[in-house]
Amino acid sequence: MSKIVKFMCTAFRDGFQSAYGARVLTEDFIPAVKAARDAGITYFEAGGGARFQSLYFYCNQDAFTMMDIFRKTVGPDANLQTLARGVNVVGLESQSSEIIRLHAKLFKKHGITTIRNFDALNDVDNLIHSGQSIVDAGLKHQVCVTLMELPPGCDGAHDPDFYEATLRKILDAEIPFDGVCFKDASGTLVPSKVYETIKRARKMLPANTHIHFHTHETAGIGVIANKAALEGGADAIDLSMAPCSGGTCQPDIIVMWHALRGTDYKLDVDIDKVLKAEEVFKDCMKNYFLPPEATAVEPLIPWSPMPGGALTANTQMLRDNGIMDKYSEIIKAMGEVVEKGGYGTSVTPVSQFYFQQAFNNVMFGPWEKIAEPYGKMVLGYFGKTPVSPDPEVVKIASEQLKLEKNSTPPIQLNDADPEKSIKRIKEKLRSQKIEETDENIFIVATCGEKGTKYLKGEGEVGVRKNKEEESTALADPHSGAGSYVVTVNGREHSMVIEGDKATVNGKVYEVTIRTDKNGKAIETAAITTTAETTEIIAQMPGKIMRILHKEGDVVKTGESILVIESMKMEVQITSTVSGKLSKIAVSEGEQVTTGQLLATVN
């Protein structure tokens, strides 16, 4: 008799993250949840991970409301699971112990059954308090060991011995759990290691312990890795639904059902009903822009282990900033960044640290600019890396960030930091006249300034949908209407012309356009730079988050003038000279391009 294989449907959490950069509006996908429920699916991934922050960052929607709607849609008996990042819970920054407890309390309140909980460094100390908080809140705790294949030529961790040792530490720490997940977010661990790792775990764990395996199809081995996990003794796997399946996502339910035909394993599913549910899901998502890289196998991923859930989120940001042409260079640069960073598993938040550092290495030159999160990781501020990071990179990070190496656990650092306390967050809410609910406290703790803007009614929508009509040709060749990139003195500027309005780098101007019948250009004033004036130029694209000074202020060399957000990093833009700030050429919220003038100092 065939063994019945259980699975969790990841379409509405990891599927969205992996295919659409997590930017999906709640009302658009709920009909597909109903269809999946009607197909007999009772185990869903319903939130957490990037799908918490993204609702506030890009959708102008509330993640707790989304979870409530999800629970109402599937009914009281479905197992709804979310993803948590240990001491980071659902953000990129690590949190205090009281915020970690609040996370579990709130997710229980808003209909969640199970929390899958991992630490990207496999530092078990980061799982102790978070795991206990999940159980104390009355939730099921699925503790994780995170997996990946190291780039070819690297060794020292990420093999069955390492994973066995990590699981042993979890058991020795007496972390309470209801199941164990082996999580390969990049989909790179070779199937033979998957099999051996889970086979050893089955022998180590108490009888009947639930073992779950998670992978992606990014490197093209997801189906065979799932089969290896089942043969090793796993009870359940993760599968998704089209259009959020294959490529950067999990293997499709239908594909896995087909792959298991004629074997000793059988998916617990009515495949005809799943076919109908996928048709509904495709219809729900038909207007969303599906990046081509989301549907493809990437052969280079074993050398540059970018997880599926981070890949499209980052390519969406590259598109937002007009630098998608840098994607292949950044992916190639990731191998060295992983190798020298201490072999933390490439899963959020560490995968984002890797990508940010690879991005900086491409944009500024190798190791010329340390991304702060990556630098803090190699210096020990997020816990212990599996192996020691490269000493030279540690030295560069220490010098650039002006930080010493750290061995204090992150939760202790955060509990000692008044800025990460609930008391301080309440003060921030009061100062903004925002209600002091547990939900609002958690939103500000995990989403920072963008969370505050959402709560003030100033949230933004950055969901990418297909335009009804797309054409590179102008509707009227004499009107000038269209989108352009204009290069002036070697600098690129984004320009959109519609009727009598031109939007240049995010600023709107009233304009008129006419043809010069004499064919002569109209002279304009030249931009000049005198010896007494210094231009502050954007070295990377991004959005102006904060302007810290006003025109006329006196600034010193190295003093911050404004803050740009780029690739989930906040970058301080400093003055290169001392003098008077004579001009601020941008405004808060404006999207800027590389080479754009930001300010001038006399």
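All heavy atoms count here, side chains included; hydrogens, waters and symmetry mates do not. The chain is numbered in sequence order, starting from 1.
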Exercise. Side chains of Thr10 and Asp238: is there a donor and an acceptor less than 3.5 Å apart?
Worked result: no

Problem set entry | Asp123 bridged to Lys384 by N-O distance under 4.0 Å | yes

Problem set entry | Aromatic ring proximity, centroids under 6.0 angstrom, Phe52 and Phe64 | yes

Exercise. Any idea how Phe29 and Phe12 line up, ring-wise: parallel (<30°), tilted (30 to 60°), or perpendicular (>60°)?
Worked result: parallel

For this session: Would you check if the distance from the ring center of Phe182 to the ring center of Phe213 is below 6.0 Å?
Result: no

Problem set entry | Residue Leu171 excluded, over 12 heavy atoms near CG under 6.0 Å | yes

For this session: Using only heavy-atom distances, determine whether the side chains of Asp62 and Tyr56 contain a donor-acceptor pair under 3.5 Å.
Result: yes

Exercise. Can you tell which of Leu139, Asp178, Ile175 makes a side chain to side chain contact (heavy atoms under 4.5 Å, CB included) with Ile134?
Worked result: Leu139

For this session: Please work out whether the ring planes of His216 and His214 are parallel, tilted or perpendicular, with thresholds of 30° and 60°.
Result: perpendicular

For this session: Would you please say whether a donor-acceptor pair under 3.5 Å links the side chains of Gln250 and Asp14?
Result: yes

Exercise. Do we see a donor-acceptor contact under 3.5 Å between the side chains of Ser94 and Asn414?
Worked result: yes

Exercise. With distance as the sole test, does Arg23 use its side chain to make a donor-acceptor pair with the main-chain N or O of Cys59 at under 3.5 Å?
Worked result: no

For this session: Run the salt-bridge test on Asp38 and Lys276 with the 4.0 Å N-O cut-off and return the result as yes or no.
Result: no

For this session: Inspect the contact between Arg168 and Glu164 and indicate whether a charged nitrogen and a carboxylate oxygen are less than 4.0 angstrom apart.
Result: no

Problem set entry | Contact summary for Pro291 and Ala19, nearest pair of heavy atoms | CD-O, 3.1 Å

Problem set entry | Electrostatic pair Asp119-Lys183, nearest N-O below 4.0 angstrom | no

Problem set entry | Within the 6.0 Å centroid threshold, strictly below: His210 and His212 | yes

Exercise. Are Lys332 and Glu329 within salt-bridge range, i.e. N to O under 4.0 Å?
Worked result: no

Problem set entry | Carboxylate-amine/guanidinium contact Lys169 Asp125, below 4.0 Å | no

Exercise. More than 12 heavy atoms of other residues, nucleotides or ligands under 6.0 Å from CG of Asp325: is that the case?
Worked result: yes

Exercise. Looking only at atom types and distance, does a side-chain atom of Gln95 sit under 3.5 Å from a main-chain N or O of Val87, one as donor and one as acceptor?
Worked result: no

Problem set entry | Residues Thr345 and Thr146: side-chain donor-acceptor under 3.5 angstrom | yes

Exercise. Ignoring hydrogens and geometry, is there a side-chain-to-backbone donor-acceptor pair from Ser304 to Ile301 under 3.5 Å?
Worked result: no

Problem set entry | Side chain Gln81, main chain Ile112, donor-acceptor under 3.5 Å | no

Exercise. Any chance the side chains of Ser18 and Arg13 put a donor and an acceptor closer than 3.5 Å?
Worked result: no

Problem set entry | Phe57 six-ring face occupied by Lys450 cation (under 6.0 Å, within 45°) | yes

Problem set entry | Lys/Arg-Asp/Glu bridge criterion (N-O < 4.0 Å) met for Lys109, Glu439 | yes

For this session: Check whether the side chains of Gln142 and Thr114 place a donor and an acceptor atom closer than 3.5 Å, and report yes or no.
Result: no

Problem set entry | Derivation of the side chain to side chain contact (heavy atoms under 4.5 Å, CB included) call for Ile331 and Trp303 | CA-CA 9 Å; Ile331 286 293; Trp303 282 264; over 6 Å; no

For this session: Evaluate the criterion side chain to side chain donor-acceptor pair (under 3.5 Å) for residue pair Tyr374 and Gln356; output intermediate values, then yes/no.
Result: CA-CA 8 Å; Tyr374 182 87; Gln356 288 169 343; over 6 Å; no

Exercise. Are Lys286 and Asp28 ion-paired here, with the side-chain N under 4.0 Å from a carboxylate O?
Worked result: no

Problem set entry | Pair Asp68-His110, side-chain donor/acceptor within less than 3.5 Å | yes

Exercise. Around atom NZ of Lys266, are there more than 12 heavy atoms of other residues, nucleotides or ligands at under 6.0 Å?
Worked result: no

Exercise. Take atom CG in Asp172; do more than 12 heavy atoms of anything else shown fall under 6.0 Å from it?
Worked result: yes

Exercise. Just wondering, more than 12 heavy atoms not from Lys340 lying within 6.0 Å of its NZ?
Worked result: yes

